[in-house]
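Okay, structure first, notes after.
Numbered from 1 within each chain, the chains take letters A, B, ... in sequence-line order.
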Protein chains: 2
Amino acid sequence: VIRTEGLTRSFSMGTTTVQALRGIDLTIQRGEYVAIMGPSGSGKSTLMNLIGCLDTPTEGEYHLNGTAVAQLAEHELARIRNKEIGFVFQSFNLLARATALRNVELPLIYGGVAPRERRERAAEALREVDLIDRMDHRPNELSGGQRQRVSIARALVTKPALLLADEPTGNLDSKTSYEIMGLFQRLHEAGNTIIVVTHEREIADHARRIVTIRDGLVANDERNIVP
Amino acid sequence: VIRTEGLTRSFSMGTTTVQALRGIDLTIQRGEYVAIMGPSGSGKSTLMNLIGCLDTPTEGEYHLNGTAVAQLAEHELARIRNKEIGFVFQSFNLLARATALRNVELPLIYGGVAPRERRERAAEALREVDLIDRMDHRPNELSGGQRQRVSIARALVTKPALLLADEPTGNLDSKTSYEIMGLFQRLHEAGNTIIVVTHEREIADHARRIVTIRDGLVANDERNIVP
Ligand SMILES: Nc1ncnc2c1ncn2[C@@H]1O[C@H](COP(=O)(O)OP(=O)(O)OP(=O)(O)O)[C@@H](O)[C@H]1O
Ligand SMILES: Nc1ncnc2c1ncn2[C@@H]1O[C@H](COP(=O)(O)OP(=O)(O)OP(=O)(O)O)[C@@H](O)[C@H]1O
Ligand SMILES: [Mg+2]
Ligand SMILES: [Mg+2]
């Protein structure tokens, strides 16, 4: 379960302060499928980075599975990020000097999985995003959408209990997007929690709940009847 | 006018070769508004980089305004890229250590515009993409869609005769996308040529012609009645 209270994140820049989040109260149960929408600059990625334990709030509380994240030691946070959370970054965040396969293997390397098993699982994840024939390409030898799909494969390779996907289809054509949403659906049906940031309504419509962020606040939070 | 004949681009990777473009014949008249669509990995960005004189083909010919680009000296290519072409990159390509304002000023610095005028024109371009209040932020202090809009402002600041925009709205919500398409429309109405790569039909529908690329070839090329 994800529970935030009064979650605030400010960035101080010299003389001015940018308030990216101004007090977010949000509860997401285990196994939910939530879409987060809102205008460019409204605070969606900032919220995802806090939920994913990649950043700390300026004020407010964040409880993950009943534990206050602020109280957790760094090694415990690292364990949660590696074993329980899969993160698809809006800017992909791939290692420039590693092949597609190596990038997908990374979470398994951190998790201490044996080399042979991790290569097989990484290859399988690349097969699922239809990129097995690009496994030896480095990021600058891939198209924009292919880089995005490598980043998706990396997030899915650990079959995470919580998938956080920030604009996962921004660079993909409709057919490829549809295939990626099918992968998310399968992860969801296995009982995992999915949170997707998107600006595309067709993508949000796969979720059963749509949260709208505007100017750092929750503007709307409604159930979505999946068409 | 843009005219390509048998345009081919191959990437050799050790023992294998990836044929990104397999012979593209395309003619685009001055003042046209063309959308390029196609699956992820089909060759759209590779084609845009060739049209924008940022890359050279493996085979085939490319004539820009009646001149064979292959015959042009580097300083002449640099002049064309700076004065006549505006490029919105799929991965934004902003300078990490420069502010938003400075990034937008760059083409004007290369073009030898006086400091005061170039700052005013760059600020005006940022105002047009609704980012004047972020002009002092560096890229890592901006949201994904804000970085994209800085990259759009940089491409528009020279009021280019040819605008090449590669997935310009991938990270933008509908309202912001609509505003950006309004800016492109204005540039088009002033008689300039616009080529937009997109996977969103609503974006392609602003163009009067849609070219579909599939597996490195032109699969379809049709007039589009703007709704
Ligand atoms: N430097 C390179 N070395 C090897 N292969 C490359 C290189 N650049 C691109 N490719 C390959 O060429 C093909 C076309 O790439 P391109 O970037 O043009 O596709 P695209 O249509 O823009 O895709 P997307 O919609 O995902 O951005 C891809 O399959 C890609 O893997
Ligand atoms: N490191 C930072 N320093 C200063 N301001 C920042 C920083 N990171 C983000 N911001 C600002 O905080 C606000 C929220 O950013 P955020 O990335 O969360 O937006 P977003 O909703 O994900 O937008 P997009 O849809 O464009 O990706 C933006 O206005 C941005 O300029
Ligand atoms: Mg974002
Ligand atoms: Mg591309």
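Heavy-atom distances place no part of B:Ser45 under 4.5 Å from chain A, backbone and side chain included. Proximity to chain B (any heavy atom under 4.5 Å) is restricted, for A:Val18, to the side chain, taken from C-beta onward. Heavy-atom distances place no part of B:Thr16 under 4.5 Å from chain A, backbone and side chain included. A:Ser177 does not touch chain B: none of its heavy atoms, backbone or side chain, sits under 4.5 Å away.
If you tally non-hydrogen atom pairs under 4.5 Å between each of B:Ser40, B:Ser91, B:Gly43 and chain A, the highest count goes to B:Ser40.
Separation of atoms CG (A:Asp173) and CE (B:Met37) is listed at 8.5 Å; rounding is to 0.5 Å.
Of all residues in residues 129-153 of chain B, those placing a non-hydrogen atom less than 4.5 angstrom from a non-hydrogen atom of chain A are B:Arg134, B:Asp136, B:His137, B:Glu141, B:Ser143, B:Gly144, B:Gly145, B:Gln146, B:Arg147, B:Arg149.
Atom CZ of B:Phe11 has more than 12 neighbouring heavy atoms from other residues, nucleotides or ligands inside a 6.0 Å radius. Residue A:Arg127 places its CZ atom among more than 12 non-hydrogen atoms of other residues, nucleotides or ligands, all under 6.0 Å distant.
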